[in-house]
Amino acid sequence: MNIKALSVERRDQTWTFFHLGAVLLILALYLFFLFSPIHDYKIGFVLINPLTIALTSVFLFRSQGKFTWDTVILCAFCLWYGCTCVLNGNYYLLDNNGATLCLGLVLASVVFYQTPAMLSQDKRKRFLSLFLHIFAITLGALAWIGVIATYTGQAFVSPFTGLTLGGNSASRLTLFHIHPNMAATFFLIGLCMLFYLAMQTKKKSLWIPYLLGLLGFYLAIALTGSRTIYILTSLCAGAFAFLLLHKRLSRSSKWIGWLSSIGIWLTVAALLFGGFSLITQLMNAHIAARKAAVISQISEELPEKKAKKEIKAQTRSIKPLSERPIMADIATLTGRTAIYQTVIPVLEARPQTLWIGTAREDFMKLPNEILLAQSGKDKIAQANHMHNLFLQVLLITGLPGLLLVIVFVVILAVQSFRLFFLGKEEAPLPMKALVVLPCVLLLNCMLEPYVFVENNLVNLIFFFSSGAVMIYAKELLPPFFKSKRAAA
């Protein structure tokens, strides 16, 4: 190897090391923002945004114009998203944090998405393990803190902002300032990561911590009351059981193996799904017993009149968990279908939305006005988003943005399906287990749009895991279309 080639190799290693270090730093900061959301904008503006620009610039320079189709699609979507902001009046990307949202999209869909592809298989495996351990350990600790805080009734208080985790002041487990549905999504991500790590490890000493982590995530999800995540968690667990047992069950007969594996998938999913309701009932029984003990103690220590006031004050914050029947409002998806039906009237009222979308701060204005008119009331609860990824992308970026997203999702879904059902000899179980994470996040986005047009931790995890799945699929799967030159 000549001196010039050695110099180039060392430079590439230096940039790769810088890239990986920056990605881990940004992950750590986004996890810190869970505890202290007030620092999100400040640290993002001072540190994360400049890092995003630097990492993207280096990636584009090192690529030298050689991009895969999925990368082209994502870069095109980022550019179009910025164009729609300008076309809708946010000329300098200053209104409603336009620049931060654009850079957040670039950070997720370019920087995090490309990270797994930068590494060899061995280095990728080690970096994936480090990345997933950081997230899983942090969220696993928060899951157990939330479960214990709910059981004891003593909420955990963030030392940075005073926000609370757990306790009995709310009917659903929240993650500080985060809505229970999104908190459940974080716990589901952690659960999928631990399944991957458990399948990957050869150290039996780690199985107990992994099992405790899985149990903590499962209990925490049950306490959030998110029925969508109940279903997705059950399906995920069934998928992992399928991966573990399908090969063994297919030894005697292929058809018996498939039928048995699918039966196990559905059985595991049904058992775990039923367990969510049982956990909620047991926790509510414990909360009711604790509340009765408080009432009994106060009644014995104080006169009747004073006792009534004291009981009311002491038990005001002891609320049972919400026991939401799974079939309740299933026809309307808990009111979501009414939001979906506003899309056509919105496009009729503002036809340019179909082509250039709507300003970020205004995209829910017309849907909420339509919902208010349809209700016949003076005031209704305002919807913050469209509760569907594709509809939200359509309203924000128009039809061009929607088509780009659909194409990428189709490519990811097809490659994920092919990798998941690849033979064990061709694809190890951990690689197949990794497929579950981006797929389950996409399914969740059919009701809660957390990716593509959002700047959040879920978006980063989605694109990072999607990038890992795509690079493994490219390495292990034959291409769909072979050129004549390659065939010859």
Side-chain angles (χ1 to χ4, degrees), residues 49 52-53 56 67 69-114 336 339-370 383-413 438 441-460 462-463 466-467:
N49 288 354
T52 300
I53 295 171
T56 305
F67 303 118
W69 278 109
D70 50 320
T71 302
V72 171
I73 291 167
L74 291 177
C75 289
F77 180 77
C78 292
L79 289 172
W80 178 246
Y81 181 76
C83 290
T84 59
C85 292
V86 175
L87 291 171
N88 285 293
N90 192 0
Y91 302 117
Y92 304 102
L93 301 180
L94 296 176
D95 298 336
N96 200 35
N97 298 328
T100 299
L101 287 170
C102 288
L103 288 173
L105 178 58
V106 172
L107 175 66
S109 60
V110 178
V111 176
F112 271 63
Y113 181 78
Q114 292 298 329
R336 290 179 174 89
I339 299 175
Y340 302 160
Q341 291 168 3
T342 64
V343 172
I344 300 300
V346 165
L347 296 178
E348 291 174 347
R350 190 177 183 272
Q352 61 266 40
T353 298
L354 183 63
W355 304 110
I356 63 171
T358 314
R360 177 75 193 199
E361 61 272 19
D362 295 330
F363 84 98
M364 286 305 298
K365 185 177 180 181
L366 273 176
N368 279 316
E369 290 177 357
I370 293 169
N384 296 321
H385 51 78
M386 288 301 296
H387 285 280
N388 180 274
L389 168 64
F390 298 118
L391 296 182
Q392 182 138 321
V393 169
L394 174 64
L395 291 190
I396 293 176
T397 67
L399 187 60
L402 176 61
L403 291 176
L404 289 170
V405 169
I406 289 175
V407 171
F408 176 79
V409 168
V410 169
I411 293 173
L412 176 62
L441 289 178
L442 273 179
L443 288 174
N444 189 38
C445 283
M446 297 304 100
L447 298 177
E448 302 290 343
Y450 293 140
V451 302
F452 278 101
V453 287
E454 297 293 335
N455 179 22
N456 57 40
L457 184 55
V458 176
N459 202 31
L460 295 182
F462 168 73
F463 279 106
S466 297

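For this chain, numbers begin at 1 and follow the sequence in order. Note that the structure is predicted; figures quoted are calculated from it, not measured.
The nearest pair of heavy atoms linking H385 to P449 is ND1-CD, 3.4 Å. The two atoms that bring Y340 and H387 nearest to each other are OH-O, 2.8 Å, heavy atoms only. Residues L404 and A76 approach most closely at CD1-C, 3.9 Å, considering heavy atoms.
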Solution key, residues 102-113 side-chain donor-acceptor pairs under 3.5 Å, sequence neighbours excluded:
from, atom 1, to, atom 2, distance (Å)
S109, OG, L105, O, 2.6
Y113, OH, D70, OD2, 2.4

Only pairs under 3.5 Å count here: list side-chain donor-acceptor contacts from residues 389-402, not counting sequence neighbours, and write none if there are none.
from, atom 1, to, atom 2, distance (Å)
Q392, OE1, M386, N, 2.9
Q392, NE2, E454, OE2, 3.1
T397, OG1, V393, O, 2.7

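Once rounded to the nearest 0.5 Å, the distance linking CG of L443 with CD of E448 reads 13.5 Å. To the nearest 0.5 Å, atoms CD (Q114) and OG1 (T56) are separated by 10.0 Å. For the atom pair T84 OG1 and F363 CZ, the distance stands at 12.0 Å (nearest 0.5 Å). Atoms OG1 and CG, on T358 and L87 in that order, are 12.0 Å from each other to the nearest 0.5 Å. Note: N455 CG to Y450 OH = 15.0 Å, rounded to the nearest 0.5 Å.
The side-chain heavy atoms of L366 and T342, taken from C-beta on, include no pair separated by under 4.5 Å. With contacts defined as side-chain heavy-atom distances shorter than 4.5 Å, the pair I370/Q341 does not qualify. Between L442 and L412 there is a side-chain heavy-atom pair separated by less than 4.5 Å.
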* Step by step, work out the side chain to side chain contact (heavy atoms under 4.5 Å, CB included) result for L101 and Y81. => CA-CA 10 Å; L101 287 170; Y81 181 76; 3.9 Å; yes

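Panel note: side chain N388, backbone L447; no donor-acceptor pair is recorded below 3.5 Å.
Taking the six-membered ring for Trp and the full ring otherwise, the centers of F452 and F77 sit less than 6.0 Å from each other.
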